[in-house]
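As the structure is a computational prediction, the values presented were derived from the model and not from experiment. Ligands are counted one by one from 1 in listed order, and the atoms in each one are counted from 1 as well.
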Amino acid sequence: MSEKDINASYKNFIEELIDADLDRGYVKEVYTRFPPEPNGYLHIGHAKSICLNFGLKEKYKGKCNLRFDDTNPITEDTEYVQSIMEDVRWLGFEWDKLCYASDYFEQLYEWAIFLIKKGKAYVCDLTAEEVSAMRGTPTIPATPSPYRNRSVEENLDLFQRMRAGEFPEGSRTLRAKIDLASPNMHMRDPVLYRIIHASHHRTGDKWCIYPMYDFAHGQSDYIEGITHSICTLEFEVHRPLYEWFLEALELPHPRPRQIEFARLNLSYTVMSKRKLLELVKGNYVSGWDDPRMPTISGLRRRGYTPESIRMFAERIGVAKRENVIDVGLLEFCIREDLNKKATRLMAVLNPLKVVITNLPDNYEETLIAINNPENEAEGTHELLFTKEIFIERDDFMENPPKDYFRLIPGGEVRLRYAYFLKCNEVVKDENGNVVELRCTIDPESRGGKSPDGRKVKGTIHWVSAKYAVPAEVRLYDRLFKSEIPDEADDFKTELNPDSLKIVTGYIEPFVREIKYGQNVQFERLGYFILDRETTAERLVFNRTVTLKDTWAKKVSK
Ligand code: ATP
Ligand code: MG
């Protein structure tokens, strides 16, 4: 069996639960949903959830909705709605229905009335602080609200007037009457509705009472016919409440089943929308799609592909316990994917001028470079070789250690696709800095082939000084210097001051053929992609990832 087949035959615990529901005939098809709150841009953690929910749709030939969990008018915005739709589609998924929890406000209101009539909900005049002070502890029951035993008539009247806008924000709530002694604090008369006098991004000023997450989520699942409502572990303690509402509302079976899995945490980054928003608002990054951000839009701009993110989600699988995934695994996935896809070019990011003294001044030779050694069908392109070239400063050392195989005074290297190059003279400025190398090529070594069996260990990249195209190259490193920035009192103190370095690179002229969105490899340096800030006058490249694979090394150790 191939690795892929083995993975396909292996079931995770969510699939086992789903199989059990199908086997006993409780549900006939699998219907999932991805339910973001439109209060920020999606991050790689959401991508995990998207791949999981839409992946189950694909696996079981079922359905999956995109539902905006838009029950809080203060933090939500249509800008976020747009970006979320774009990100889900970019990852390669299409929803069966596009839904909004706000579409169910009327139905949810009716259900609240139903609970009031059944004596299972009451209007409470306590402030949030008072409720909190009376909450008790897991072992000490909560103190009953003095409003707990209001009559059904009074509750109906007050709740209708809450809706009508008669009361100020925060002055009253509707609470479920459940169990003040429950060890599960979520069952101690949770709030169902709160008064918020704010405009909602979709319903405008129609409502001034808004349902809480717990009262909206399960019922929204029910309305849409969701069979398996997959969420992250922090909602495990909400599950009794999720089930209590479906039961108290006497909703016919089959009802949705909530299943929790461990949220994805990634090393060297933070992953809560609130914190990401803080980075954006505080100008610590250039925006939600700053290529250092763990957002889907940031990763996209950085040059990540949907395939690499899906591969990553697949590899981490679903866990029942929280852990932190090494960001090296994500980098491994993008290297895997780009090795197959990226167009190869030569670029020099830290140039050192080389003058080839045995070539005439106006020498020009056309060489042939391979576009992608992993895919012959992508063909070749032309490369101009001239008397003056740039090589990478790091590829020359005046006083090298023993195991240095690149250019040294008197030594020889192979210029990729070109010739053997010998360094005869090192030119320095008045401060002793190397400013130029005077070299010769062996005309017999064309194509980099040894003419007489003599060996040259190093092969280095180069560009023609005359024809190279200058470009702004943005070299990104990890946004945070510590592995788990969340452990610090203020995660912002953990920001890596060197997370972005901007250099001018010199790229072979073939770069003009590169299209926006096309992944490239600058040979020996890494994978790069054109940034959206590129203009007709100035190319801007983002480094997606270097070529060095630290993750694979760690694993094989
Ligand atoms: P954050 O805490 O980052 O603000 P959230 O959970 O509030 O995220 P939602 O918009 O409510 O964000 O999440 C939409 C869905 O994505 C939920 O089902 C949630 O459980 C899931 N999700 C959010 N973060 C992660 C994560 N890190 N790993 C896996 N799933 C996640
Ligand atoms: Mg949330």
If you count the atoms of ligand 1 from 1 in the order shown, which ones are under 4.0 Å from a heavy atom of [X]?
{"X": "S49", "result": "16 (O), 21 (C), 30 (N)"}
{"X": "P36", "result": "10 (O), 14 (C)"}
{"X": "T232", "result": "19 (C), 20 (O), 29 (C), 30 (N), 31 (C)"}
{"X": "P35", "result": "14 (C), 18 (O)"}
{"X": "E37", "result": "9 (P), 10 (O)"}

Heavy atoms only: which of [options] lies closest to [atom]?
{"atom": "atom 2 (O) of ligand 1", "options": "K48, R263, H46, R274", "result": "R263"}
{"atom": "atom 28 (N) of ligand 1", "options": "I44, L52, L42, L264", "result": "L264"}
{"atom": "atom 30 (N) of ligand 1", "options": "S229, S272, G45, C51", "result": "G45"}
{"atom": "atom 9 (P) of ligand 1", "options": "E260, K275, E322, K273", "result": "K273"}
{"atom": "atom 3 (O) of ligand 1", "options": "H43, H217, E234", "result": "H43"}

query = For the atom pair NZ (K59) and CG (L52), what is the distance rounded to the nearest 0.5 Å?
reply = 10.0 Å

Charged N to carboxylate O under 4.0 angstrom, [X] versus [Y]?
{"X": "R202", "Y": "D103", "answer": "yes"}
{"X": "E29", "Y": "K61", "answer": "no"}
{"X": "E86", "Y": "R300", "answer": "yes"}
{"X": "E106", "Y": "R163", "answer": "yes"}
{"X": "R274", "Y": "E278", "answer": "yes"}

Residue of the set F159, F105, Y210, W207 for which ring-ring contact (aromatic ring centres under 6.0 Å, His included) holds with Y193 = F159

inquiry  = Taking the six-membered ring of F13 as reference, does the cationic atom of K320 (NZ for Lys, CZ for Arg) lie under 6.0 Å from its centre and within 45° of its axis?
reply    = yes

query = How does F235 reach ligand 1, by side chain, by backbone, by both or by neither, if only non-hydrogen atoms under 4.0 Å count?
reply = neither

key: Within-cut-off N or O pair, A262 and ligand 1, under 3.5 Å   = no

